[in-house]
J.: 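One structure, as structure tokens, below. Some questions next.
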Amino acid sequence: MEIALLRALRIVIRADSDPARQALFANLTQANALARFVCWLHKRLGKTWASSILVSCYGLKSFLAIAAPPRGVARILAVAVHANARRQVERFGRWLGANDIARVRIGVKALLGSSSLVRLLSLFLWGRGCIRGLRLVHAINMRHDFLVSCRVASVLAAYARGRSILGRLRPRAIVVSSDTNPEEIGFASAARLFGIPTVFVSHTYPNPFSPPLDFSLSILEGDAAVDARRRLGPVKGQIFLAGVEGESAPL
């Protein structure tokens, strides 16, 4: 298995084992009836292949919910899931120009699109790869809880889609705004496989479980953000200080 993918899996396991993430997930689960049922079913099935297959179904959903940009090839591909991350990626796009960056589609619209059937059929061409992925999900599911297992399955799905999309489009670079979200780090890992530069645009301050920065270029708010990142470990790649988004005034 590629080193970049293994590193991505370690990042998501460490981040989502954090008690704060676990508490947030528990609160979100309580607010969603379907999520409560799936969590209950996973717990009911226990540490078995049946519960691992349930987690793999979540990974399959993640795989089908990632699609290439709707328009033609752009110089840079962006991968951003949450609203704050999308805003920072859009800010980065304004610096470059609207025609230079295209965003990978992630979510319900990509899942329900006609191309999702093509992605589903493509899985049959990856027979051994799918089996290895299922075994890995099972191994993680035996050691960790439902949240961590599902996030690992999402990383594998994003990595597989990233290999397909990046291998076909070959952009000059990819830009992400999270260093722990499965879709972003899955695509970043796939980009490293092809030697495609990776750009990180920070959308939040790091926490104790954030990994050391390892991107071709990291765009941070200022010196304090750089110092906070260096406390987590050596910073690789170049750094650009872009300031805080929006207007500001001195004290």
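FYI, side chains are in, hydrogens and waters are out, and symmetry mates aren't considered; it's all heavy atoms of this structure. Residues take their numbers from the sequence shown, with the count starting at 1.
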J.: Answer yes or no: is there a side-chain heavy-atom contact under 4.5 Å between Leu136 and Leu9?
T.: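 In short, these two side chains touch, coming nearer than 4.5 Å.
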
J.: If you measure from CG on Leu60 to CD1 on Ile53, what distance do you get to the nearest 0.5 Å?
T.: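 If I round to the nearest 0.5 Å, the distance is 12.5 Å.
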
J.: If I take atom CD1 from residue Ile174 and atom OG from residue Ser216, how far apart are they, to the nearest 0.5 angstrom?
T.: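 It comes to 9.0 Å.
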
J.: Counting N and O atoms only, with roles assigned by atom type, does the side chain of Arg192 sit under 3.5 Å from a partner on the main chain of Ala4, one being a donor and the other an acceptor?
T.: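 Answer holds: no.
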
J.: Quick one: list whatever passes side-chain hydrogen bond (donor to acceptor under 3.5 Å, both in side chains) with Asp179, sequence neighbours left out.
T.: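 So Asp179 forms a side-chain hydrogen bond (donor to acceptor under 3.5 Å, both in side chains) with Arg229.
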
J.: Please report the closest heavy-atom contact between Ile165 and Val104, naming both atoms and the distance.
T.: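 Distance-wise, the nearest heavy atoms are CD1-CG1, 4.4 Å.
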
J.: Of all heavy-atom pairs between Arg7 and Pro211, which one has the smallest distance, and what is that distance?
T.: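 Heavy-atom minimum between the residues: NH2-CB, 4.2 Å.
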
J.: Can you name the nearest heavy-atom pair linking Ala242 to Arg91, along with the distance?
T.: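 Result for this residue pair: O-NH2, 3.2 Å.
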
J.: For Ile239, does its backbone N or O pair with a side-chain atom of Ser218 as donor and acceptor, under 3.5 Å?
T.: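 It does not hold such a pair.
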
J.: Considering only heavy atoms from C-beta outward, does the side chain of Leu5 approach that of Val155 to under 4.5 Å?
T.: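 Of all side-chain heavy-atom pairs linking Val155 with Leu5, at least one is under 4.5 Å.
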
J.: Consider only side-chain heavy atoms of I, L, V, M, F, W and Y, link residues closer than 4.5 Å, and tell whether Met142 and Leu6 are in one cluster.
T.: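 No; tracing contacts between hydrophobic side chains, which count when under 4.5 Å, never links both residues.
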
J.: Does the pair Arg103/Glu90 count as a salt bridge with the N-to-O cut at 4.0 Å?
T.: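 Glu90 and Arg103: salt-bridged.
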
J.: Phe63 and Ala160: which non-hydrogen atoms are nearest, and at how many Å?
T.: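 Smallest heavy-atom distance, with atoms named: CE1-CB, 3.9 Å.
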
J.: Counting N and O atoms only, with roles assigned by atom type, does the side chain of Thr48 sit under 3.5 Å from a partner on the main chain of Leu45, one being a donor and the other an acceptor?
T.: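 Present.
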
J.: Quick one: pull up CG in Asp145 and OG in Ser17 and give me the separation to the nearest 0.5 Å.
T.: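 So the gap between those two atoms works out to 6.5 Å.
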
J.: Does any N or O in the side chain of Arg172 come within less than 3.5 Å of the main-chain N or O of Ile76, such that one atom is a donor and the other an acceptor?
T.: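 Flag not set: sc Arg172 to bb Ile76 has no pair under 3.5 Å.
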
J.: Show your working on side chain to side chain contact (heavy atoms under 4.5 Å, CB included) between Thr29 and Trp40 and close with a plain yes or no.
T.: CA-CA 10 Å; Thr29 301; Trp40 171 84; over 6 Å; no

J.: Could you tell me the separation between the CD atom of Gln22 and the CG atom of Leu147, rounded to the nearest 0.5 Å?
T.: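 One gets 5.0 Å once the value is rounded to the nearest 0.5 Å.
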
J.: Would you kindly say whether Glu221 and Ser202 are connected by a side-chain donor-acceptor distance under 3.5 Å?
T.: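 There is such a pair between these side chains.
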
J.: Could you check whether any side-chain heavy atom of Thr198 comes within less than 4.5 Å of a side-chain heavy atom of Val176, counting everything from C-beta outward?
T.: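 No - every pair of side-chain heavy atoms lies 4.5 Å or more apart.
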
J.: Students often mix this up, so state it plainly: with edges at 30° and 60°, are the rings of Phe146 and His42 parallel, tilted or perpendicular?
T.: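 Ring orientation of Phe146 relative to His42: tilted.
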
J.: Go through the steps for Ile196 and Leu77 under the test side chain to side chain contact (heavy atoms under 4.5 Å, CB included), then give the verdict.
T.: CA-CA 11 Å; Ile196 297 173; Leu77 284 186; over 6 Å; no

J.: Just by distance, do the side chain of Ser164 and the backbone of Arg161 share a donor-acceptor pair under 3.5 Å?
T.: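 No, because the side chain of Ser164 does not come within donor-acceptor range (under 3.5 Å) of the backbone of Arg161.
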
J.: Using a side-chain heavy atom cutoff under 4.5 Å and only I, L, V, M, F, W and Y, what cluster partners does Phe209 have?
T.: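 Its cluster mates, by chain and number: none.
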
J.: How far does OG of Ser189 sit from CD1 of Ile3, to the nearest 0.5 angstrom?
T.: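 Going from the OG atom of Ser189 to the CD1 atom of Ile3 covers 11.5 Å.
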
J.: Hey, could you give me each pair passing ring-ring contact (aromatic ring centres under 6.0 Å, His included) that has a residue in residues 152-189? Not counting sequence neighbours.
T.: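 Sorted pair list comes back empty.
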
J.: Measure from the side-chain N and O atoms of Arg105 to the backbone N and O of Pro69, and report whether any donor-acceptor pair falls under 3.5 Å.
T.: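 Checked: no pair found.
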
J.: Looking at every non-hydrogen atom in both residues, tell me the closest pair between Pro206 and Leu232 and how far apart they are.
T.: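 Residues Pro206 and Leu232, closest heavy atoms: CB-CD1, 3.7 Å.
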
J.: According to salt bridge (Lys or Arg N to Asp or Glu O under 4.0 Å), does anything in residues 57-67 pair up with another residue at least two apart or in another chain? List the pairs.
T.: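 Those involving residues 57-67 do not exist here.
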
J.: So do the side chains of Val235 and Val226 get within less than 4.5 Å of each other, counting heavy atoms only?
T.: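 Counting from C-beta outward, Val235 and Val226 never come under 4.5 Å.
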
J.: Check side-chain hydrogen bond (donor to acceptor under 3.5 Å, both in side chains) between Ser149 and all other residues, then give those that pass, not counting sequence neighbours.
T.: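 Asn141.
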
J.: Asp16: which residues meet the side-chain hydrogen bond (donor to acceptor under 3.5 Å, both in side chains) condition with it, sequence neighbours left out?
T.: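 Testing Asp16 for side-chain hydrogen bond (donor to acceptor under 3.5 Å, both in side chains), a comparison that skips the adjacent residues, returns Arg21, Arg151.
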
J.: To the nearest 0.5 Å, tell me how far His144 NE2 sits from Ile13 CD1.
T.: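 Those atoms lie 4.5 Å apart.
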
J.: If I compare all heavy atoms of Ile185 with all of Ile11, which pair ends up nearest, and what's the gap?
T.: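 Smallest interatomic distance, heavy atoms only, reads CD1-CG2, 4.3 Å.
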
J.: Can a donor-acceptor pair be found, under 3.5 Å and without considering hydrogens, that links the side chain of Ser52 to the backbone of Val137?
T.: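 Checked: no pair found.
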
J.: Under 3.5 Å, side chain of His203 to main-chain N/O of Ser177, donor-acceptor pair present?
T.: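 Yes, the answer is positive, given that a donor and an acceptor are paired below the 3.5 Å cut-off.
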
J.: Is there a side chain to side chain contact (heavy atoms under 4.5 Å, CB included) between Cys39 and Phe25? Walk through the geometry before answering.
T.: CA-CA 11 Å; Cys39 288; Phe25 176 69; 3.8 Å; yes

J.: Is atom CZ of Arg36 surrounded by more than 12 heavy atoms (other residues, nucleotides or ligands) closer than 6.0 Å?
T.: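 For Arg36, atom CZ is crowded (more than 12 foreign heavy atoms under 6.0 Å).
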
